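Contents: one structure, followed by commentary.
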There are 2 protein chains.
Amino acid sequence: MLNERSLSPQQDCEDCPIRHRAVCARCETDELRKLEEIKFYRRFEAGSHVIWCGDRMDFVGSVISGIGTLTQTLEDGRTQMVGLLLPSDFIGRPGRDEAAYDVIATTDLVMCCFRKKPFESMLAKTPHIAHRLLEMTLDELDAARDWMIVLGRKSAREKIASLLSIIARRDASLHMRRIEGPLAFDLPLTREAMADYLGLTLETVSRQISALKRDGVIELEGKRHVTVPDMARLMEEAGDDADGGMLV
Amino acid sequence: MLNERSLSPQQDCEDCPIRHRAVCARCETDELRKLEEIKFYRRFEAGSHVIWCGDRMDFVGSVISGIGTLTQTLEDGRTQMVGLLLPSDFIGRPGRDEAAYDVIATTDLVMCCFRKKPFESMLAKTPHIAHRLLEMTLDELDAARDWMIVLGRKSAREKIASLLSIIARRDASLHMRRIEGPLAFDLPLTREAMADYLGLTLETVSRQISALKRDGVIELEGKRHVTVPDMARLMEEAGDDADGGMLV
DNA sequence: CGATCCGTTGAAAGATCTCAACTCCCGTGG
DNA sequence: CCACGGGAGTTGAGATCTTTCAACGGATCG
């Protein structure tokens with residue numbers, strides 16, 4: 001791949017920012033050391049493909065920093081985002097050779113990778129990894145299912161509010177902020193990417209964001225910086241004040 | 001639960017119809033014997049709730065026969081089906097106590113159940129089960145993601161064609177038929193359940209089924225028996241002649 | 001400066017939903 | 001035996017929502 005470079009210094013796993021959430025979260029020191037031996041870092045530039053759908057996958061790995069998307073495409077070009085990749089999320093499926101989706105770096109992305117074969121044999125020998133991977137996969141399945149009701153049953157306005165509340169809550173949890181009081185964050189996605197996530201057109205996304213702004217549900221500085229004065233109001237607009245689950 | 005009875009005779013695992021596809025598929029004879037000691041069968045009548053969303057779950061298990069649905073509901077009553085449960089599918093999430101979705105028996109349903117605690121300790125001690133469960137969960141995740149593009153990007157007609165082609169292929173694989181030539185099967189879902197699966201109203205489902213019939217893509221005898229004269233044509237109508245993945 | 005990318009907005013077209021009426025089938029009870 | 005009622009499904013007409021097509025604004029980059 002052209003738009004990718006190796007990072008020279010191997011970071012120490014103990015100091016890794018995703019140490020406690022990634023697939024290696026449960027590993028003991030000696031297990032970490034074994035992973036350290038087979039890991040390598042890769043950097044992907046914003047906009048570049050990490051993996052092409054249908055290509056042979058010879059590695060798996062965790063997102064260390066940056067944001068990526070999992071995208072599916074129909075023959076006539078319609079696309080649907082089927083997942084957001086955030087730091088600590090895992091890419092690649094043990095036991096499968098071909099990628100089922102396009103993986104695209106939305107921002108610059110740094111990944112901690114393992115060649116597939118060595119990782120699979122570690123997986124077979126290390127229950128701590130296998131358990132954590134099962135747990136993460138179950139969480140992703142729940143998130144995917146929670147997203148289905150957004151795609152299938154929510155109005156455009158509710159879809160936008162749902163996405164904003166997910167991003168707001170994730171951002172709050174990343175920065176250890178409480179979700180009471182005003183929240184502010186940057187949108188990591190273009191209008192088009194939001195449209196692909198929500199099953200809308202980019203024009204509809206733009207209109208609904210304008211409408212939420214007009215109604216005082218959100219405030220905008222520039223195109224990307226969002227302030228939510230009242231999180232409860234936003235979640236009400238999303239159609240489920242209970243929760244919504246995903247990516248919390 | 002009122003609408004449920006125990007089945008008296010324990011079936012022998014070796015003769016189980018889902019032996020080779022369920023969570024126990026990889027187990028050796030001795031492992032099966034241990035499962036046999038802790039398993040119990042439950043029957044649910046068509047239309048009854050297997051699990052209520054939010055309830056405490058004290059068991060997990062596999063569908064042996066019949067069809068169930070996984071359903072999610074918004075506060076105002078809008079519902080979205082997030083999964084179809086077919087024979088060999090697994091219900092319940094190790095490590096979680098509360099059900100995240102309603103599980104409803106669409107037809108009479110027979111399940112092979114395990115109390116959660118004993119199953120979890122088996123899971124920890126039996127890599128054959130853990131691996132199979134991971135594999136099944138990854139398959140479900142792929143299926144959920146494949147469904148997202150149906151919900152987010154396909155027209156009503158394409159959605160119906162997608163659902164019919166999934167059911168047709170599953171039915172063909174169950175009866176070991178080739179998918180060349182005409183296929184015939186019964187719809188296991190009401191129009192309303194199809195609507196909940198597809199993110200449509202039941203009227204739209206009805207209209208699109210009528211339209212596909214009018215256009216010769218399908219034939220109908222009564223309301224539920226469908227004949228597909230040309231599977232390739234149906235898949236073309238579904239918008240992805242490549243495949244579509246789910247539930248194959 | 002011109003090109004390009006991202007985003008906004010308007011107007012008309014198109015798809016799906018909503019509301020409503022009606023059919024068919026089936027089981028119940030008089 | 002038949003009337004009745006309910007559940008499932010179909011169809012029509014109008015309302016509503018989202019998309020489509022198109023024009024335009026602002027920022028950035030060579």
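Here is how names work: the chains are called A, B, and so on, in the same order as the sequence lines, proteins then strands, and each is numbered from 1. These numbers were taken from a predicted model, which means no experiment stands behind them.
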TODO: Specify the angle, to 10°, made by the local axes at the two ends of the helix from dC1(C)-dG30(D) to dG30(C)-dC1(D) when five pairs are taken at each end.
DONE: 20°

Open item on the list: Taking side chain to side chain contact (heavy atoms under 4.5 Å, CB included) as the definition, give me every residue that meets it alongside Cys16(B), ordered by chain and number, with sequence neighbours left out.
Closed with: Ile18(B), Arg19(B)

TODO: Whole angstrom is fine here: how far is it from CZ in Arg78(A) over to P in dT20(D)?
DONE: 10 Å

TODO: Shoot me the first and last contacting nucleotide of DNA chain C against chain A, ordered 5' to 3', at under 4.0 angstrom to non-hydrogen atoms.
DONE: dG7(C) to dA11(C)

- [ ] Output every pair passing salt bridge (Lys or Arg N to Asp or Glu O under 4.0 Å) with a member in residues 48-59 of chain A, not counting sequence neighbours, ordered by first then second residue.
- [x] Arg56(A)-Asp97(A)

Task: Spacing between Ile160(A) atom CD1 and dT19(D) atom P, to the nearest angstrom - done: 10 Å

- [ ] Could you pull out all residues at least two apart from Glu158(A) that satisfy side chain to side chain donor-acceptor pair (under 3.5 Å)?
- [x] Ser155(A), Arg78(B)

TODO: Apply side chain to side chain contact (heavy atoms under 4.5 Å, CB included) to Arg96(B) and list each qualifying residue two or more places apart in sequence or on a separate chain.
DONE: Asp139(A), Asp142(A), Arg93(B), Ala100(B)

Open item on the list: Taking side chain to side chain contact (heavy atoms under 4.5 Å, CB included) as the definition, give me every residue that meets it alongside Arg207(B), ordered by chain and number, with sequence neighbours left out.
Closed with: Glu203(B)

Task: Non-neighbouring partners of Phe185(B) that pass ring-ring contact (aromatic ring centres under 6.0 Å, His included), sequence neighbours left out - done: none

Task: Listed partners of Tyr101(B) passing ring-ring contact (aromatic ring centres under 6.0 Å, His included), at least two apart - done: none

Open item on the list: Can you pull out every side chain to side chain donor-acceptor pair (under 3.5 Å) where at least one residue sits in residues 212-226 of chain B? Sequence neighbours excluded, please.
Closed with: Arg157(B)-Asp215(B), Asp186(B)-His225(B)

Open item on the list: Across nucleotides 8-15 of chain D, 5' to 3', mark each nucleotide with B, S or - according to how protein heavy atoms within less than 4.0 Å reach it.
Closed with: -SBBBB--

- [ ] With the side chain counted from C-beta on, respond yes when Leu85(A) and Val103(A) share a heavy-atom pair under 4.5 Å apart, and no when they do not.
- [x] yes

Open item on the list: Could you work out, with side chain to side chain contact (heavy atoms under 4.5 Å, CB included) as the rule, every residue matching Ala105(A), not counting sequence neighbours?
Closed with: Phe44(A), Ser48(A), Val50(A), Leu109(A)

